[in-house]
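Written below as structure tokens is the structure these notes are about.
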Amino acid sequence: MTASKLLILDDDELTGQTIRNVAEFAGMQVVVSTLPSDFFEHLAHWQPTHIALDLVMPEMDGVQILAQLGEMAITAKIIITSGVGQQVLQAAARSAAAHGLNIIGILPKPFNPRAFRELVDITSSESHLLLEPQQNQHKSVPALSVNDLVMAIEQRQITIALQPKIECSSAALVGFEVLARWDHPQFGTIAPDHFISFAEHNQLIDSLTQLIFSQALPWFKGFLTQYQRDTSQRAQPLLCSLNISALSLQNLSLFNQLEALCIAHEITPEHFMLELTETGAMEDPVASLDILTRLRMKGFQLSIDDFGTGFSSMLQLVRMPFCEVKIDKSFVMTVQESRESRLVIKAIIDLAHSLGMLVIAEGIEDQSTLDFLQQLGCDKAQGFFIGKPMRAELIEDWLAKRHLHIEQQRLHKLHALNILDTPAENRYDRITRLARRLFKVPISLVSFIDEDRQWFKSKCGLDVNQTLRQHAFCNHTIEHDEPFIVSDATQDPLFVNNPLVTGMPFIRFYAGFPLKAPTGERLGSLCIIDDKPRFFSDQDRALLIELGNMVEEEIATNQLLAEDHLTGLLNRRGFESRAEPFLQLCLSQQLSASLIYFDLNNFKAINDSQGHQAGDAALQEFATLLTDTFRDSDLLSRVGGDEFVVLMINQTTSDIRQVMDRLKSAIKRYNDSVGEDIKLSFSYGFAIAETPQDFELQQLYMLADEAMYQSKRQ
Ligand code: C2E
Ligand code: CA
Ligand code: CA
């Protein structure tokens with residue numbers, strides 16, 4: 001066994017000598033330096049196993065030296081000697097450990113030889129490390145030499161681990177970050193914190209990065225191909241994130257190599273996100289801007305890593321061509337206890353979004369942090385809670401486990417809604433009828449995907465209540481965030497033999513919108529089905545999304561608050577919250593919208609002469625007659641005491657006159673059957689939206705109201 005080597009830095013020669021005596025007595029080789037320059041020289045050439053460092057020296061900054069050791073990825077065991085208070089020493093030790101340094105102890109002055117001996121003795125037993133260096137998978141990392149690293153790169157001992165990223169809103173996989181690992185033949189896996197900055201300081205970072213590229217691209221190509229096959233090519237595009245050292249920004253040939261690899265593996269640069277640390281990217285703004293812009297022009301995407309820890313100004317952020325901001329994990333990991341962290345995160349998200357950039361948060365270690373980020377509108381997430389960095393061969397297993405986890409959460413949410421096996425409800429049927437009519441298809445459904453069946457909450461044009469899940473098209477829809485379209489099922493290998501295609505209802509065309517719970521779980525779908533193949537235009541897609549959003553609104557709202565208890569129609573609040581998206585839909589789809597305003601003329605008289613019960617009955621009767629006369633897809637509401645409105649889609653003036661004639665005769669029939677005192681009489685006025693302003697509910701109300709008063713005057 002070779003002797004331990006102790007390098008001492010202490011500006012006080014006498015203290016240095018004292019430590020030397022004790023250490024030599026304990027069998028160590030010792031070198032004492034009183035100046036940082038000597039110290040770093042010995043460090044490089046003599047390669048000590050132990051370092052004793054005075055933190056407080058009048059002429060120099062011990063903390064700075066500690067930081068420098070961290071940057072050099074020094075793996076020697078470090079003893080801090082100083083006369084400062086315990087609290088300062090602890091803080092220094094913590095920050096050193098965060099840099100990946102091995103701090104084995106603190107030796108306060110005045111200096112006690114026994115304490116030192118004990119410290120040096122226990123260094124052989126790793127479990128007594130004062131602070132474990134972070135992310136150090138192998139407990140004792142060997143002292144590194146430049147030669148070791150050169151050899152490691154040559155022999156391809158540096159390999160890759162992949163950490164998944166998901167979309168916050170849907171939990172869908174959106175990509176992986178490639179992270180370097182050193183598979184050391186003796187020491188096992190060494191984390192990058194121990195060798196990246198060492199590589200940077202020794203001009204090895206570019207060849208290391210090149211080695212990472214040469215593994216990342218073939219892996220990603222293979223993964224992408226397999227993944228697209230498994231998800232039938234309809235999943236959203238995946239990104240592969242690569243870490244780029246700021247020093248590499250000067251090396252154009254590195255990026256040329258990356259481009260060549262893209263071509264060789266037939267992956268477009270758009271699939272790659274280059275992660276640059278904030279400080280690194282900003283150091284030389286002019287030069288950085290130049291190369292970053294060129295990379296963007298080639299199609300690569302750029303992300304600012306560790307955002308929030310550097311000193312970039314807003315202006316630089318605006319000027320640099322970044323697509324994504326990555327919030328540093330120091331904020332994310334302290335969300336629960338630190339109000340500041342929460343404020344910083346919110347500010348970063350708002351800032352990035354206002355500049356048109358996406359935001360990803362890393363370091364997510366629990367569900368509540370993920371929920372918090374989702375609420376703030378963070379776009380993507382990465383962290384141990386979602387997945388730790390893993391070897392390529394373990395990804396498949398991770399994907400399977402994740403799928404199971406998402407499915408369990410989904411079912412939990414669906415069952416908590418208590419919607420399965422409930423009676424049909426007009427508020428859902430209204431939307432499926434509308435969908436059927438607007439798309440001119442025979443079938444439209446709201447379906448929910450239960451454990452092994454799909455169950456229909458609303459079924460327009462279909463007679464069954466449920467089908468097997470394994471046959472359900474909607475079972476595919478819930479795998480996606482976007483509408484899922486099958487233009488011709490008989491031409492689609494996934495569906496050609498499906499019993500719903502080969503038998504009743506002979507599906508040829510299918511378009512489904514994935515219905516999400518407010519918390520993001522995909523519960524089922526709003527879909528339209530045709531027995532003929534069909535082309536689905538962008539406008540069709542937009543319409544389906546709008547209708548789907550309406551169903552999601554219904555799932556999220558408490559129906560009791562939206563309903564008028566007396567008549568069962570929508571109350572004013574329920575009406576207005578539905579009328580807005582309804583009118584928007586008409587406007588964007590260039591469909592007409594019309595509003596009829598009704599006022600009962602004699603409600604007050606009935607109430608006064610016959611009592612409240614008779615008054616209530618009159619209102620209920622009128623509501624029933626409205627419901628029977630108008631279409632189920634129209635919005636009917638009692639907006640006030642004796643005032644009612646109907647909002648209709650796609651009706652001409654003559655259509656409205658016809659339906660009003662029907663209503664009048666229905667009222668007449670009713671009036672003929674009851675006594676004089678409770679006969680119904682009403683006034684009405686209607687308006688059809690013509691200009692874009694008319695599609696504002698207030699405006700339409702006003703126009704219809706005016707029309708009513710005009711007709712009253714006549
Ligand atoms: P980074 O780019 O900020 O990478 C994220 C680091 O955070 C990874 O550590 C990852 O394992 C860790 N991490 C992710 N989620 C969590 C979490 O929930 N909790 C905690 N505690 N940690 C989490 P890793 O792999 O040790 O990498 C450390 C750093 O080394 C990276 O920080 C990056 O700066 C550098 N690095 C790694 N690979 C490369 C590379 O190929 N090239 C360059 N230039 N730098 C690299
Ligand atoms: Ca990174
Ligand atoms: Ca980072």
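Read the numbers this way: they start at 1 and go in the same order the structure lists the ligands and their atoms. Note: hydrogens, waters and symmetry copies are ignored here, and every other heavy atom, side chains too, is used.
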Legend entry - Any Lys326 heavy atom less than 4.0 Å from ligand 1: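 No, Lys326 has no heavy atoms under 4.0 Å from ligand 1.
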Inset, instruction - Please verify whether a non-hydrogen atom of Thr209 lies at under 4.0 Å from ligand 1. - result: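 It does not, in that no heavy atom of Thr209 comes within the 4.0 Å cut-off of ligand 1.
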For [X] and [Y], indicate whether the former's side chain and the latter's backbone hold a donor-acceptor pair under 3.5 Å.
{"X": "Gln163", "Y": "Gly387", "value": "yes"}
{"X": "Gln215", "Y": "Arg156", "value": "no"}
{"X": "Arg410", "Y": "Ile449", "value": "yes"}

Would you say [X] and ligand 1 have an N/O pair spaced under 3.5 Å apart?
{"X": "Gln382", "value": "no"}
{"X": "Phe384", "value": "yes"}
{"X": "Ala191", "value": "no"}

Legend entry - Atoms of ligand 1, numbered as shown, that sit under 4.0 Å from any heavy atom of Ile212: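 What qualifies from ligand 1 is 41 (O).
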Inset, instruction - Check Glu177 against ligand 1 and report side chain, backbone, both or neither, counting heavy atoms closer than 4.0 Å. - result: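 Within the 4.0 Å criterion, Glu177 contacts ligand 1 through side-chain atoms alone.
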Inset, instruction - Please work out whether any backbone atom (N, CA, C, O) or any side-chain heavy atom from C-beta onward of Asp306 is under 4.0 Å from ligand 1, and answer side chain, backbone, both or neither. - result: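 Within the 4.0 Å criterion, Asp306 contacts ligand 1 through side-chain atoms alone.
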Legend entry - Heavy-atom side-chain proximity of Phe272 to Val178 below 4.5 angstrom: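 Result no, sub-4.5 Å side-chain heavy-atom pair not found.
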Inset, instruction - Compare all side-chain heavy atoms of Ile190 with those of Phe195 and state whether any distance is below 4.5 angstrom. - result: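 Yes, close enough: below the 4.5 Å cut-off.
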Inset, instruction - Look at atom NE2 of His403 and say whether more than 12 heavy atoms of other residues, nucleotides or ligands are closer to it than 6.0 Å. - result: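 Check fails, neighbour count at 12 or below.
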Legend entry - Flag if over 12 foreign heavy atoms under 6.0 Å of NZ, Lys298: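 Atom NZ in Lys298 is crowded, with more than 12 foreign heavy atoms closer than 6.0 Å.
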Inset, instruction - Just to the nearest 10 degrees, tell me the angle at the Ca ion (ligand 2) spanned by Asn243 OD1 and Glu177 OE2. - result: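 Angle OD1(Asn243)-the Ca ion (ligand 2)-OE2(Glu177): 90°, rounded to 10°.
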Legend entry - Protein N, O or S atoms lying under 3.0 Å from the Ca ion (ligand 3), listed by chain and number: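 Metal shell, protein only: Asp305 OD1, Asp306 OD1, Glu362 OE2.
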Inset, instruction - Using heavy-atom distances, let me know which of Glu275, Gln163, Glu200 sits nearest atom 14 (C) of ligand 1. - result: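 The residue whose heavy atom sits nearest atom 14 (C) of ligand 1 is Gln163.
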Inset, instruction - Please work out whether the ring planes of Tyr227 and Phe223 are parallel, tilted or perpendicular, with thresholds of 30° and 60°. - result: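 The rings of Tyr227 and Phe223 lie parallel, inter-plane angle below 30°.
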Inset, instruction - Indicate, with yes or no, if the rings of Trp182 and Phe198 have centres closer together than 6.0 Å. - result: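 No: the rings miss the under 6.0 Å criterion.
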Legend entry - Salt bridge Lys165-Glu275, side-chain N to carboxylate O under 4.0 Å: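 Salt bridge: yes.
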